[in-house]
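Taking it in order: structure first as structure tokens, then the write-up.
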Amino acid sequence: MIPLIKELLKRQRNSNIWWIVGLGLTVVLIVYLYPSMGVSEELYELLDQLPPAMQLIVGENLVFGTIEGWLQLEFLAWLPLVMAIYAGLFLTSSISKEADQRTLEYIFSLPIKREIFLFSRYLVGAINIFIILAASWLIMILSVYAIGESISLANTALAVFNSYLVTMAIFSLVFPVTALIDDQGKGSAIVLSSIFISYLVAIILRAADTFVEAAWLIPFDHHAVGDILASKGIPWVSIAYLVFLSLLGLSLAVWVYRKRDFAF
Amino acid sequence: MNMKTTQEFVVRPALSTSSLTKYYGKQKGIIDLTLEVPNGEVFGFLGPNGSGKTTCIRILMGYIRPTSGTASVLGLDSVKQSVRIRRRVGYLPGDVSLYGHLNGEEHLQMVQGIRGKLPKHKVKDLIERFEINMERKIRQCSRGMRQKVALLLAMAHDPEILIFDEPTSGLDPLMQQTLLYYLKDEQERGKTVFFSSHNLSEVEAVCDRVAIIKEGKLLVVNNVHEIAHHKQKHVSIMFDEETKIDLSGLKDMEIIREEKGRLKLVVKGDINELIRRLSKYQLLDVTISEPSLEQAFLKFFGKEDAS
């Protein structure tokens with residue numbers, strides 16, 4: 001598995017750098033704007049007037065007028081969605097594309113089990129998502145200190161870790177889809193639209209206050225950044241559920257990959 | 001002698017299929033294909049595009065599962081033991097795609113990481129014989145160079161069997177020749193070679209036996225020369241313009257051109273009968289030519305006119 005991981009890490013290196021640079025610059029800009037915009041009462045009054053559904057997009061327990069609240073509003077609330085897009089693109093480029101461009105035929109000419117190939121992709125994806133989120137968190141913390149503010153390292157780290165688990169659950173759930181689709185374009189379209197639809201459905205169901213149980217099933221519903229930043233404790237149930245979804249997605253992907261034909 | 005010892009003496013074919021059938025939904029891939037390739041043979045697999053050659057090879061390598069029937073390589077089941085098969089086989093996919101961002105050396109390191117240490121002399125020999133540029137990234141290589149790198153990667157671990165799908169595609173004629181010599185050398189070292197091809201002259205040059213497949217069905221498996229010679233012989237006879245040659249009553253024979261003092265015919269059966277008949281006449285010249293494998297191939301696919 002190590003040679004497969006090395007090859008993919010090498011191939012993904014530039015893409016990861018660009019994602020870190022992109023997210024890093026975004027968070028630097030957001031933090032830089034905090035002293036001028038983040039404490040604006042007008043902004044928070046405006047947010048307060050938004051319908052509940054719109055407010056839910058940025059998460060519950062938003063604390064107005066603090067750097068935590070500002071980062072939640074402008075950055076942390078969106079992080080799982082942005083990283084889910086990364087996860088979807090990563091999977092289609094590392095699994096569907098391999099079949100699409102037939103490098104997979106070469107890989108499977110070597111004595112490699114199908115599940116080993118999948119695990120290598122899963123592992124590299126998990127590592128990449130972790131690195132990008134960890135780098136973003138570090139840049140965020142350094143930027144906050146650079147403007148003379150202070151922020152809880154533990155709470156922000158936990159909030160970013162929560163984003164990581166949500167992203168990993170989505171990553172794992174779209175994993176079987178990419179394991180089945182050999183066309184990168186088609187795979188990307190299906191995966192990205194599924195991510196957006198599940199995101200919107202979670203918001204709509206929660207906002208409508210009906211079928212809340214159904215919303216609970218969607219990984220995005222377990223992004224509890226507001227609760228974490230407000231020091232309301234570690235959401236253990238959500239963590240357990242997200243880990244369960246990750247294992248379920250991975251198992252399903254291995255099962256379909258072992259069963260399927262590779263006719264290229 | 002106990003059972004175990006007896007089993008050790010059982011000679012397994014290098015490669016075999018039994019009633020192998022594959023359907024892609026309602027579309028047929030291969031139908032009831034039974035084939036056996038003994039150890040040490042160079043075996044050619046011929047057929048037009050879409051005839052099922054690649055499907056058969058992919059089933060052997062475990063990429064796809066048969067709808068029914070079985071396939072095995074070195075006695076190992078292609079469905080259940082495909083990883084063990086790939087450990088002992090060198091497989092070159094048709095029109096192979098390698099990683100564009102890696103060069104030959106990095107590909108080789110990757111193969112080494114997966115297969116374990118590769119025999120240095122073998123790698124060196126392959127690089128030298130095929131004049132492979134190991135430093136250039138694959139995306140910057142010509143099609144021929146990519147094919148040569150792929151050949152190196154398929155053969156570097158000195159496998160027992162070589163399964164190649166259109167191995168000479170993309171190679172220049174000189175390199176094609178080098179590859180064919182190499183395959184012959186491998187056969188002399190006891191290796192089995194199974195390859196599909198469109199290039200009939202290369203099959204004729206190196207193969208011991210050949211199978212012809214059409215629309216998923218196996219038409220014939222035979223010695224290369226048998227296939228070329230078995231079906232028909234072209235006979236050209238020159239004689240004095242006054243001579244009248246009577247060939248009536250001869251079976252499996254067709255006159256294709258008749259001119260004064262010249263006769264061209266095709267004999268599909270035993271040629272001895274014709275020779276006996278001709279011995280009664282004073283002839284100027286007789287030539288009997290055997291059809292090339294290409295002519296035989298075209299005949300199988302009903303395209304005699306094209307030849």
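It should be emphasised that the depicted structure is a prediction, and the values quoted were computed from it without experimental measurement.
B:Lys137 NZ: more than 12 foreign heavy atoms inside a 6.0 Å radius. Other residues, nucleotides and ligands place no more than 12 heavy atoms under 6.0 Å from the CZ atom of A:Phe130. Shown here is A:Tyr32, whose OH atom has no more than 12 heavy atoms of other residues, nucleotides or ligands within 6.0 Å. Other residues, nucleotides and ligands place more than 12 heavy atoms under 6.0 Å from the OH atom of B:Tyr24. Within 6.0 Å of atom CZ in A:Phe161, 12 or fewer heavy atoms from other residues, nucleotides or ligands are found, so the atom counts as exposed in its surroundings.
The pair B:Lys22-A:Asp261 meets the salt-bridge criterion, since a charged nitrogen lies less than 4.0 angstrom from a carboxylate oxygen.
Only the side chain of B:Glu106 comes within less than 4.5 Å of a heavy atom of chain A; its backbone N, CA, C and O stay farther away. For B:Leu153, the part lying under 4.5 angstrom from a heavy atom of chain A is the side chain only.
Contact between A:Thr103 and B:Leu98 at its shortest, heavy atoms only, is CG2-O, 3.6 Å. The shortest non-hydrogen separation linking A:Glu98 to B:Tyr99 is OE1-OH, 2.6 Å. B:Gly62 approaches A:Arg114 most closely through the heavy-atom pair O-NH2, 3.1 Å. In this structure, A:Glu105 and B:Gly94 approach most closely via the heavy-atom pair OE1-O, 4.4 Å.
The CD1 atom of A:Ile107 sits 5.5 Å away from the CD1 atom of B:Ile114 when rounded to the nearest 0.5 Å. Taken from CE in B:Met110 to CG in A:Leu110, the straight-line distance is 7.0 Å, to the nearest 0.5 Å. In this structure, the separation between OH on A:Tyr106 and NE2 on B:His107 is 5.0 Å, given to the nearest 0.5 Å.
Put simply, of A:Met1, A:Arg258, A:Lys6, the one with the most heavy-atom pairs under 4.5 Å next to chain B is A:Arg258. Interface summary for chain A: among B:Arg115, B:Met61, B:Arg58, the most heavy-atom pairs under 4.5 angstrom belong to B:Arg58.
Of residues 7-20 of chain A, those residues lying under 4.5 Å from chain B by any heavy-atom pair are A:Glu7, A:Lys10, A:Arg11.
Between the B:Arg86 side chain and the A:Ile112 main chain, a donor and an acceptor come within less than 3.5 Å of each other. The main-chain N or O of B:Val96 is never found under 3.5 Å from a side-chain atom of A:Arg102 such that the two would form a donor-acceptor pair. Of the possible polar contacts, none joining the B:Arg87 side chain to the A:Pro111 backbone as a donor-acceptor pair under 3.5 Å is found.
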Mind listing the side-chain donor-acceptor pairs of residues 27-36 of chain B below 3.5 Å, one per line with the distance, residues two or more places apart or on another chain?
from    : atom 1 : to      : atom 2 : distance (Å)
B:Asp32 : OD1    : B:Ser19 : OG     : 3.3
B:Thr34 : OG1    : B:Ser19 : N      : 2.9

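By the ring pair (Phe, Tyr, Trp, His ring centres under 6.0 Å) test, B:Tyr91 pairs with B:Tyr63, sequence neighbours left out. For A:Asp183, the salt bridge (Lys or Arg N to Asp or Glu O under 4.0 Å) test picks out no residue, with sequence neighbours left out.
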